[in-house]
Engineer: 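Take this structure first; my questions come after.
By convention in this document, chain letters (A, B, ...) are assigned in the order of the sequence lines, proteins followed by strands, and residues within each chain are numbered from 1. Keep in mind it's a predicted model, so treat the numbers as computed, not measured.
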Number of protein chains: 2
Amino acid sequence: MGRNLSFNEKETLVKVANIFREKGYEATTVKDLEKATGLTSGSLYNSFGGKEVLFDIAISFYNNNIVRNRISTFLDQAEDPLVGLKDLFHSLLNEPDGRENGCLLTNTAVEFNNRRRHITQELDTGFSLLEAAFKRQIIRCAEKGKISKPPSPQLTATRLLIFYQGILVLVRAGLRRKEIDQIVNDEIDLILGRLS
Amino acid sequence: MGRNLSFNEKETLVKVANIFREKGYEATTVKDLEKATGLTSGSLYNSFGGKEVLFDIAISFYNNNIVRNRISTFLDQAEDPLVGLKDLFHSLLNEPDGRENGCLLTNTAVEFNNRRRHITQELDTGFSLLEAAFKRQIIRCAEKGKISKPPSPQLTATRLLIFYQGILVLVRAGLRRKEIDQIVNDEIDLILGRLS
DNA sequence: AAAATTTTAGATTGTTTGTTTTAAAATGAA
DNA sequence: TTCATTTTAAAACAAACAATCTAAAATTTT
C-alpha cells in the first residue's frame, strides 16, 4: 500500500557517507545532503530521520559496506597477502575520484572527541575490523613464508592500524603524498619483519 | 591614549587554541570562546577579529609557541635523545589535564580538507617543524651511538611523523591507549633501527 | 477505478549562529 | 581637569540552520 521509494537506499547512503566524509559532520548542511543525494529534506527526514540519525546510519553503513569491501578486496581476496596489504595502503594515496577525502572513520574520530559514546563505539568497531584483518593478513604472510612470524601478531596489527591512520591524516591535509608513497613499502616490511 | 587591554593576549590565545583543539573549528561557537576566555564577543572582535581570523591566529600561535615549546623541552633539551623522543610520544597519551584532545594541527588537518589554502600552509609549517626536529634527533641519536645512522634521516623522520599522527587519531577517539603505550618504544626502536 | 497510503516538493518555523551596534565605563594624553 | 580614545558589556541584527508542516502527486492494494 502506498507508493515505493523512488530512490535506492544503498546508493543514497553511499552518497551521504561520501559527503560526510568530505565535509565532516558539522560542516555538512542539510542542503548539502539534498544536493548530494538529489532528494529534498522532506524525503530524507521521512526515510531516515534528522541529520544526526542520518550520520549514525552513514557511519554504520560505511563500516558494514565500504570498509568490509575494502578489506575483502585488498586483503582477504589477495593472491599474495603481502602485496595486497601494500596495495591497500597505496590506495589511500590515490582515491578513485582524485579527491583526498581520507576515511570517514578517521575523520569522525578526530572531529568527535568521543563526546558521543555510541559513535565512538561504532568507530571502535570499524577500527577493530581493520585491525583484525591486518592480523589475519600477518598470519597469512607468515604461513606463506613471506615473513617470519612476529612475536605478537596482535600488536603488530595495531601498529599497522596506527600507521594507516597516520597516513590518512597527512593525505587529508594534502601533504607529503610522494614521500608517503615511497615509505609505505619499507614501513610495512619493517613492521612485519620481512625476510630479505 | 585610551585605556589598555585588561587581559593578557598570550594567555587568551592559549585558551582560544585549547577550545579550538577540544571542539574543532565548526563546533566551537563564539559563546564557547567567550566562556573559555572570560571576554565578551565585543572584546574578542575588537582585539582579534571574527571567529575565522581568531582561528588563524590561534593556529599560528600554536605552532610558534606550543609546538616549538614541546620540541624544545622533549627533544632539543633532552640529555638522552632517544629517551626524549620516546617521552614525547608517551606524552601524547597522558595530557596534562587528563583530557584527550590530541593536537590542534592533527585535528585541523582532518577537519579542513585543505579547503582553505593558508590553513594548509600553516599546518605544513607545523608538521615540518616536527619533522625537522625528528630528523635532528635521529642524527643526534646516531652520533651518540644509540642507533646506527639510517640511510635517509629525512624519510625516517617522515615515518616518525606518520606514526605520531596515527597515535593522535586513536588518542582523540579515546581508543587503544594501553596498547599504544606498549607499542611506542618498540616502534621507535624499529623505525630508528636501534642497536640491540 | 476507487480508496488508502506514502512519497515528494516547497514553504515555513523557531532556533542558533556570527557579527555589529550602542552606550557607558575606563584610562591615557594634553 | 578636560578631552580624546579605547575597552567593555549588553542588546540587537541579519543570516543560516535543522526541522516540520502542508498540499499535491504518485502508486500500490482492493
Engineer: Can you check the Phe48(B) CZ to dT19(C) C1' distance for me, whole Å?
Structural biologist: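 About 17 Å, once rounded to whole Å.
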
Engineer: Counting heavy atoms from C-beta on, name the nucleotide in dG18(C), dT20(C), dT8(D) closest to the side chain of Phe7(B).
Structural biologist: dT8(D)

Engineer: How many Å lie between NZ on Lys51(B) and P on dT17(C), as a whole number?
Structural biologist: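 Whole-Å distance recorded here is 9 Å.
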
Engineer: Rounding to a whole Å, what distance do you find between Asp32(B):CG and dT16(C):C1'?
Structural biologist: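 Taking atom C1' of dT16(C) as the reference, CG of Asp32(B) is at 12 Å.
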
Engineer: Base, sugar-phosphate, or nothing for Thr40(B), non-hydrogen atoms under 4.0 angstrom?
Structural biologist: base

Engineer: Please figure out whether Ser41(A) or Ala27(A) has its closest DNA chain D nucleotide nearer the 5' end.
Structural biologist: Ala27(A)

Engineer: Have a look at Ser47(A) and say if it touches a base, only the backbone sugar-phosphate, or nothing, with a 4.0 Å heavy-atom cut-off.
Structural biologist: nothing

Engineer: Going by atom types only, do Ser128(A) and Arg176(B) share a side-chain donor-acceptor pair under 3.5 Å?
Structural biologist: yes

Engineer: Picking from dT7(C), dA11(C), dA11(D), which would you name as closest to the side chain of Asn46(A)?
Structural biologist: dT7(C)

Engineer: Mind calculating the distance between CG (Leu39(B)) and C1' (dA10(D)) to the nearest angstrom?
Structural biologist: 15 Å

Engineer: Quick check on dT7(D): is either OP1 or OP2 less than 4.0 Å from any side-chain nitrogen or oxygen of Ser43(B)?
Structural biologist: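 For dT7(D), OP1/OP2 do not have a side-chain N/O of Ser43(B) under 4.0 Å.
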
Engineer: Between dC17(D), dA19(D), dT19(C), which one does the side chain of Thr29(A) approach most closely?
Structural biologist: dC17(D)

Engineer: Once you round it to whole Å, what is the distance between C1' of dA19(D) and NZ of Lys31(A)?
Structural biologist: 13 Å

Engineer: Testing Phe127(B), Phe89(B), Phe74(B) for ring-ring contact (aromatic ring centres under 6.0 Å, His included) with Tyr164(B), which one passes?
Structural biologist: Phe89(B)

Engineer: Can you confirm whether the side chains of Asn113(A) and Glu22(B) place a donor and an acceptor under 3.5 Å from each other?
Structural biologist: no

Engineer: Roughly, in whole Å, what's the span from NZ in Lys23(B) to P in dT16(C)?
Structural biologist: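 Going from NZ in Lys23(B) over to P in dT16(C) covers 14 Å.
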
Engineer: Between P on dT6(C) and CD on Glu9(A), what's the gap in Å once rounded to a whole number?
Structural biologist: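 Rounding to the nearest Å, CD of Glu9(A) and P of dT6(C) are 16 Å apart.
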
Engineer: Between C1' on dA9(C) and NZ on Lys35(A), what's the gap in Å once rounded to a whole number?
Structural biologist: 17 Å

Engineer: Quick one: which of Phe55(A), Tyr62(A), Phe61(A) gives a ring-ring contact (aromatic ring centres under 6.0 Å, His included) with Phe20(A)?
Structural biologist: Phe55(A)

Engineer: Identify which nucleotide among dT20(C), dA18(D), dT8(C) has an atom closest to any side-chain atom of Tyr45(B), counting heavy atoms from C-beta outward.
Structural biologist: dT20(C)

Engineer: Decide whether Asp32(A) and Thr29(A) meet the rule of one side-chain donor and one side-chain acceptor closer than 3.5 Å.
Structural biologist: yes

Engineer: Would you indicate which nucleotide in dT19(C), dT17(C), dA11(C) comes nearest to any side-chain atom of Val30(B)?
Structural biologist: dT19(C)

